[in-house]
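Report on the following structure.
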Amino acid sequence: MAGKAIIISAPSGAGKTSIVHQLMQWEPRLAFSISATSRPRRAHEEHGRDYFFMTAGDFQAKVAAGELLEWQEVYPGRYYGTLRSEVERIQRAGHIPIFDVDVVGGLDLKRGMGTDALAIFVAPPSLEVLEYRLRMRGTETPDSLRERVGKAEREIAHAPRFDLTIVNDDLARACHEARAHVQRFIGP
């Protein structure tokens, strides 16, 4: 799979999706790689726009058929992954895929794409700020909040394995920093 790619990874709530959306507004060559998931669709989400939603069985069948570049069971029974066909679609259209993926998925993509991919880790300013952001979303139970914060603490330990880390203590500044790195990587 030849061609450049941008990987944005972070713990849930660190701001990676906001940064990805801003980068796509600034750089028309970027195209969002829609991930596949077996998690339930949220009310505001649309199949084929936010995720490719599928059952756990359908997801496992795609894994067995080798149709995913990377995948994992992020939470029990909740699979996430990158469809090979989605990346190929983006590249055939002459665009550069940009990935909004969890930390392990980002590392797996980087390992597979090597120097063709720029892997950026978005870090929260602190675990306390991250917990506050997740709580303000209103989508977490006390148990799921504890689980996500614990997972984030483990994920932050992997930041040095990425090409660079951007601390999202100010979203506008983090977006501009990401833009400078992406522009240097993909060139004019």
Side-chain angles (χ1 to χ4, degrees), residues 1 3 5-25 27-93 95-113 117-122 124 130 133-134 136-141 144-145 147-149 151-152 155 158 162 168 171 175 178 182:
M1 192 155 302
I6 306 298
I7 302 164
I8 309 288
S9 294
S12 182
K16 70 181 176 295
T17 301
S18 297
I19 292 172
V20 166
H21 286 253
Q22 187 61 63
L23 287 171
M24 289 176 55
Q25 285 182 357
E27 178 50 69
R29 292 177 289 173
L30 297 177
F32 184 67
S33 175
I34 301 166
S35 295
T37 186
S38 66
R39 79 155 169 76
R41 185 174 61 88
R42 295 177 185 144
H44 67 280
E45 293 176 324
E46 184 180 317
H47 177 78
R49 183 194 69 195
D50 298 294
Y51 285 96
F52 293 111
F53 293 98
M54 58 188 69
T55 67
D58 289 342
F59 194 101
Q60 291 167 338
K62 289 195 179 298
V63 169
E67 295 179 25
L68 289 138
L69 291 174
E70 60 80 27
W71 68 274
Q72 51 231 279
E73 189 174 15
V74 176
Y75 297 102
R78 302 273 172 97
Y79 297 96
Y80 290 82
T82 302
L83 293 165
R84 185 179 308 280
S85 60
E86 174 67 357
V87 175
E88 290 169 350
R89 177 192 66 78
I90 291 167
Q91 291 176 333
R92 274 193 312 272
H95 295 290
I96 299 166
I98 184 167
F99 302 93
D100 175 345
V101 294
D102 80 311
V103 173
V104 175
L107 290 171
D108 287 348
L109 283 169
K110 178 63 177 175
R111 187 171 26 269
M113 296 180 159
L118 173 65
I120 300 173
F121 184 88
V122 178
L130 182 73
R133 289 176 183 172
L134 290 169
M136 298 311 342
R137 281 183 178 177
T139 59
E140 304 299 325
T141 65
S144 68
L145 181 63
E147 186 178 354
R148 283 192 186 267
V149 171
K151 184 175 186 274
E155 289 174 326
H158 292 289
F162 285 78
N168 182 13
L171 183 59
C175 287
V182 167

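By convention here, the first residue in the shown sequence is residue 1.
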Rounded to the nearest 0.5 Å, what's the gap from [atom1] on [X] to [atom2] on [Y]? Could you check?
X: R84; Y: K62; atom1: CZ; atom2: NZ; value: 12.5 Å
X: E86; Y: R89; atom1: CD; atom2: CZ; value: 4.0 Å
X: S18; Y: L23; atom1: OG; atom2: CG; value: 11.0 Å
X: F99; Y: L30; atom1: CZ; atom2: CG; value: 11.0 Å
X: I120; Y: I8; atom1: CD1; atom2: CD1; value: 4.0 Å
X: E73; Y: S38; atom1: CD; atom2: OG; value: 7.5 Å

Are K110 and E70 within salt-bridge range, i.e. N to O under 4.0 Å?
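So K110 does not pair with E70 through a salt bridge.
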Between K151 and E147, is there a side-chain N and carboxylate O pair less than 4.0 Å apart?
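No.
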Can a donor-acceptor pair be found, under 3.5 Å and without considering hydrogens, that links the side chain of [X] to the backbone of [Y]?
X: N168; Y: P124; value: no
X: T37; Y: Y51; value: no
X: R148; Y: S12; value: no
X: D50; Y: E46; value: yes

Side-chain heavy atoms of [X] within contact of [Y], under 4.5 Å:
X: T17; Y: H21; result: yes
X: F162; Y: L107; result: yes
X: V101; Y: I7; result: yes
X: E45; Y: R39; result: yes
X: L68; Y: F59; result: yes
X: L130; Y: P11; result: yes
X: M24; Y: I98; result: yes
X: D108; Y: L69; result: no

I'd like to know whether T82 forms a side chain to side chain contact (heavy atoms under 4.5 Å, CB included) with S33, so could you lay out the CA-CA distance, the side-chain angles of the two residues, the decisive distance to 0.1 Å, and finally the verdict.
CA-CA 8 Å; T82 302; S33 175; 4.0 Å; yes
Could you please spell out the steps behind the side chain to side chain contact (heavy atoms under 4.5 Å, CB included) verdict for F121 and K16?
CA-CA 8 Å; F121 184 88; K16 70 181 176 295; over 6 Å; no
For [X] and [Y], work out which heavy atoms get closest and say how close.
X: M113; Y: A117; result: CB-CB, 3.8 Å
X: C175; Y: Q22; result: SG-CB, 3.7 Å
X: V103; Y: A10; result: CG2-C, 3.9 Å

Check: Y79/Q72 side-chain N/O donor and acceptor closer than 3.5 Å:
no
Could you go step by step and tell me if D100 and S35 meet the side chain to side chain contact (heavy atoms under 4.5 Å, CB included) rule?
CA-CA 8 Å; D100 175 345; S35 295; over 6 Å; no
Would you confirm whether the ring centroid of F52 sits within less than 6.0 angstrom of the ring centroid of H47?
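That pair passes the under 6.0 Å test.
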